[in-house]
Engineer: 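Submitted below is the structure of interest, expressed as structure tokens.
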Amino acid sequence: MRFRTTILALSLGASLSALASQAGAQEPVKVVASFSILGDMVKKIGGDHVELTTLVGPDGDAHVYEPTPSDARAVGAADVLVVNGLQFEGWLPRLVETAEFKGEEIVATTGIQPIPFAEEEEGHDHAAGEHAEAGHDDHAHEAGEAAGHEGHDHGANDPHAWQSLSNGVVYAENIVKGLAAADPDNATDYRARGDAYIGEIRAMDERVKTELAAIPEDRRKVVTSHDAFGYFAKAYDVTFIAPEGVSTEAEASAADVAKIIDQIRHDGISAVFVENISDTRLIDRIAAETDAKVGGTLYSDALSGADGPAPTYLDMFQYNIEQIVAALKTS
């Protein structure tokens, strides 16, 4: 009898201990990221400590996204909201207000020096018969003038700051800092994971610089479907020409397209790409009217799905640079 009582006491003690352990177990932090690139960064840094919801998923276009009722519920229940900032998510302020979000907001671009649109366009002329000369600033990022940057709620600055890996480091640092503040019990783990991730970003940055340094500077010219690579252009000495503006809502005029076709012919540009979030018809038309061939797809504002070539931020850079370098080497 005494033996059975002892067994019962031990069993009851174990059950109470397990219940106490479960009661003391910390719930993951509910984090909402505005789009897939930020979602991937949060996942890398937050690990199992976060329960992640990403609003604009793989291959999704954040420029024209329309939030759903489930998005409002997710934002309303979130402890942390991670956004790009620089007016990239024009639909987000209204969603936050509707959802009555009361948590902490992490703005990933905090501390980054934005590129004004005026600076990107400086030194390049799309006028018929006039082209970028050797003395022009190859860091600049060309775009169709009629696209109307400020008319698409992006303000005066280019919001695509993640397209420079040195800025990617800043994004990661801001996410580490924000998660650590929201969840101090796991701050040490966030910092350790963040440090490891930042090391990977910096290594990729060096690789991209090395790959492009092997291409003569006067051949580093690429045509893309929309104006998303200004930070890439400045960081890695590549000129990007885009018939559409910074938003995929922008439409290039016939005159803009004609000027770009003229420039492609004049400069012998053969690296022409579509983007995973863009309609291919405009680039197809430009390629059909020149000797350029569409080199493939670049990932600009969104990652691919898990079975695609760019399911993470670093995979996106690796894939894009492979595509660009291959096209430039054959130009």
Engineer: Quick one: does Arg220's side chain have a donor or acceptor within less than 3.5 Å of a partner on Thr239's backbone?
Structural biologist: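 No, the answer is negative, given that no donor and acceptor are paired below the 3.5 Å cut-off.
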Engineer: Taking side chain as C-beta onward, heavy atoms only, is Leu165 less than 4.5 Å from Leu314?
Structural biologist: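 With C-beta onward as the side chain, the pair touches.
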Engineer: Looking at Phe88 versus Phe35, is the centre-to-centre ring distance below 6.0 Å?
Structural biologist: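 When the ring centroids of Phe88 and Phe35 are compared, they turn out to be within the sub-6.0 Å range.
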Engineer: Enter the distance from Ser36:OG to Asp301:CG here, rounded to the nearest 0.5 Å.
Structural biologist: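 The CG atom of Asp301 is 9.0 Å from OG of Ser36, to the nearest 0.5 Å.
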Engineer: Please name the pair of heavy atoms, one in Leu303 and one in Tyr313, separated by the smallest distance, quoted to 0.1 Å.
Structural biologist: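 Nearest heavy atoms, Leu303 then Tyr313: CD2-N, 3.8 Å.
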Engineer: Does the side chain of Ile324 reach to within under 4.5 Å of the side chain of Leu328, using non-hydrogen atoms?
Structural biologist: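 Answer yes - side chains close enough.
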Engineer: What's the shortest heavy-atom distance between Ile112 and Pro114, and which atoms?
Structural biologist: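 Result for this residue pair: O-CD, 3.1 Å.
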Engineer: Has Thr54 got a side-chain atom pairing as donor or acceptor with Gly57's backbone, closer than 3.5 angstrom?
Structural biologist: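 No.
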Engineer: Are Ile198 and Glu173 side-chain neighbours, meaning at least one heavy-atom pair lies under 4.5 Å?
Structural biologist: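 When only atoms from C-beta onward are counted, Glu173 and Ile198 do touch, with a gap below 4.5 Å.
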Engineer: Using a strict 4.0 Å threshold on nitrogen-to-oxygen distance, state whether Asp40 and Lys44 make a salt bridge.
Structural biologist: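 Looking at Lys44 together with Asp40, the answer is yes, because their closest N to O distance falls below 4.0 Å.
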Engineer: Any non-hydrogen side-chain atom of Gln163 less than 4.5 Å from a side-chain atom of Lys234?
Structural biologist: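 When only atoms from C-beta onward are counted, Lys234 and Gln163 do not touch, as no gap falls below 4.5 Å.
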Engineer: With a 3.5 Å cut-off and no angle check, do the side chains of Asn157 and Gln87 form a donor-acceptor pair?
Structural biologist: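 Result is no, nothing qualifies.
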Engineer: Between Asp205 and Arg202 (side chain of the first, backbone of the second, donor and acceptor by atom type, cut-off under 3.5 Å), is there such a pair?
Structural biologist: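 Absent.
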Engineer: Could you walk me through whether Asp185 and Gln26 pass side-chain contact (heavy atoms from CB on, under 4.5 Å), step by step?
Structural biologist: CA-CA 9 Å; Asp185 288 346; Gln26 189 177 22; 3.8 Å; yes
Engineer: Out of curiosity, Glu100 CD to Lys102 NZ, how far, rounded to the nearest 0.5 Å?
Structural biologist: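 Between Glu100 CD and Lys102 NZ, I get 5.0 Å after rounding to 0.5 Å.
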Engineer: With heavy-atom distances below 4.5 Å as the criterion, would you say the side chains of Glu66 and Thr68 are in contact?
Structural biologist: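 Answer no - side chains too far apart.
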Engineer: With rounding to the nearest 0.5 Å, note down the distance linking CE in Met41 to CG in Leu52.
Structural biologist: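 So the CE of Met41 and the CG of Leu52 are separated by 13.0 Å.
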Engineer: Could you go through the side-chain contact (heavy atoms from CB on, under 4.5 Å) check for Phe229 and Ser300 one step at a time?
Structural biologist: CA-CA 7 Å; Phe229 290 93; Ser300 57; 3.7 Å; yes
Engineer: How far apart are the closest heavy atoms of Pro159 and Gly85, and which atoms are they?
Structural biologist: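 The answer is CB-O, 4.3 Å.
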Engineer: side-chain contact (heavy atoms from CB on, under 4.5 Å) between Ile106 and Val83: does it pass, once the steps are laid out?
Structural biologist: CA-CA 6 Å; Ile106 300 172; Val83 304; over 6 Å; no
Engineer: CD of Glu104: more than 12 outside heavy atoms within 6.0 angstrom?
Structural biologist: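 Counting neighbours around CD of Glu104, 12 or fewer heavy atoms of other residues, nucleotides or ligands fall under 6.0 Å, so no.
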Engineer: Have a look at Val31 and tell me which of Leu179, Leu81, Thr53 forms a side-chain contact (heavy atoms from CB on, under 4.5 Å) with it.
Structural biologist: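 Passing option: Leu179.
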Engineer: Evaluate the side-chain proximity of Val32 to Val80: yes if any heavy-atom separation is below 4.5 Å, no if none is.
Structural biologist: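 With C-beta onward as the side chain, the pair stays apart.
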Engineer: For Phe117, does its backbone N or O pair with a side-chain atom of Asp158 as donor and acceptor, under 3.5 Å?
Structural biologist: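 Judged by distance alone, no pair lies under 3.5 Å.
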Engineer: Any ion pair linking Glu322 and Arg207 (charged N to carboxylate O, less than 4.0 Å)?
Structural biologist: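 Yes.
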Engineer: Identify which one of Asn84, Thr110, Thr109 satisfies the side-chain hydrogen bond (donor to acceptor under 3.5 Å, both in side chains) criterion when paired with Tyr171.
Structural biologist: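 With Tyr171 as partner, side-chain hydrogen bond (donor to acceptor under 3.5 Å, both in side chains) holds for just one option, Asn84.
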Engineer: Do the side chains of Leu95 and Leu55 get nearer than 4.5 Å, heavy atoms only?
Structural biologist: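 Result yes, sub-4.5 Å side-chain heavy-atom pair found.
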Engineer: After noting the C-alpha distance and the side-chain angles of Val56 and Trp91, does the key distance pass the side-chain contact (heavy atoms from CB on, under 4.5 Å) rule?
Structural biologist: CA-CA 11 Å; Val56 186; Trp91 42 268; 3.6 Å; yes
Engineer: Is there a salt bridge (charged side-chain N to carboxylate O under 4.0 Å, His left out) between Asp189 and Arg193 once you walk through the steps?
Structural biologist: CA-CA 6 Å; Asp189 198 22; Arg193 294 176 66 90; 5.2 Å; no
Engineer: Mind checking the CG-CD1 spacing from Leu38 to Ile175? Nearest 0.5 Å is all I need.
Structural biologist: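 One gets 5.5 Å once the value is rounded to the nearest 0.5 Å.
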Engineer: Using modelled atom types and a 3.5 Å cut-off, is there a donor and acceptor pairing between side-chain atoms of Ser304 and backbone atoms of Ala310?
Structural biologist: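 Indeed, once roles are kept as given, a pair shorter than 3.5 Å links the two residues.
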Engineer: Would you name the heavy atoms of Ala302 and Asp59 that are closest together and state the gap between them?
Structural biologist: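 Taking every non-hydrogen atom into account, CB-N, 3.7 Å.
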Engineer: Taking side chain as C-beta onward, heavy atoms only, is Asn167 less than 4.5 Å from Trp162?
Structural biologist: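 Of all side-chain heavy-atom pairs linking Trp162 with Asn167, none is under 4.5 Å.
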Engineer: Atom OH in Tyr299, atom OG1 in Thr312: separation rounded to 0.5 Å?
Structural biologist: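 Tyr299 atom OH to Thr312 atom OG1 measures 12.0 Å (nearest 0.5 Å).
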Engineer: So, the side chain of Asn174 versus the backbone of Ala108: is there a donor-acceptor pair under 3.5 Å, distance only?
Structural biologist: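 Checked: pair present.
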Engineer: Would you say the ring centroid of His160 lies under 6.0 angstrom from that of Tyr231?
Structural biologist: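 No, too far apart.
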Engineer: Could you tell me whether a side-chain N or O of Arg191 sits under 3.5 Å from a main-chain N or O of Val176, the two making a donor and an acceptor?
Structural biologist: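 No, the answer is negative, given that no donor and acceptor are paired below the 3.5 Å cut-off.
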Engineer: Nearest 0.5 Å, please: how far is OG in Ser34 from CD in Glu105?
Structural biologist: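 If we round to the nearest 0.5 Å, Glu105:CD and Ser34:OG are 9.5 Å apart.
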Engineer: Return the minimal non-hydrogen interatomic distance between Gly305 and Pro311, and the atom names on each side.
Structural biologist: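 So the minimum-distance heavy-atom pair works out to O-CB, 3.6 Å.
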Engineer: Which residue pairs pass the ring-ring contact (aromatic ring centres under 6.0 Å, His included) test with at least one member in residues 174-212, sequence neighbours excluded?
Structural biologist: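 As it turns out, the ring-ring contact (aromatic ring centres under 6.0 Å, His included) pairs with a partner in residues 174-212, which skip direct neighbours, are His49-Tyr190.
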Engineer: Nearest heavy-atom pair of Met316 and Ile37: which atoms, and what distance?
Structural biologist: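 Closest heavy-atom pair between Met316 and Ile37: SD-CD1, 4.0 Å.
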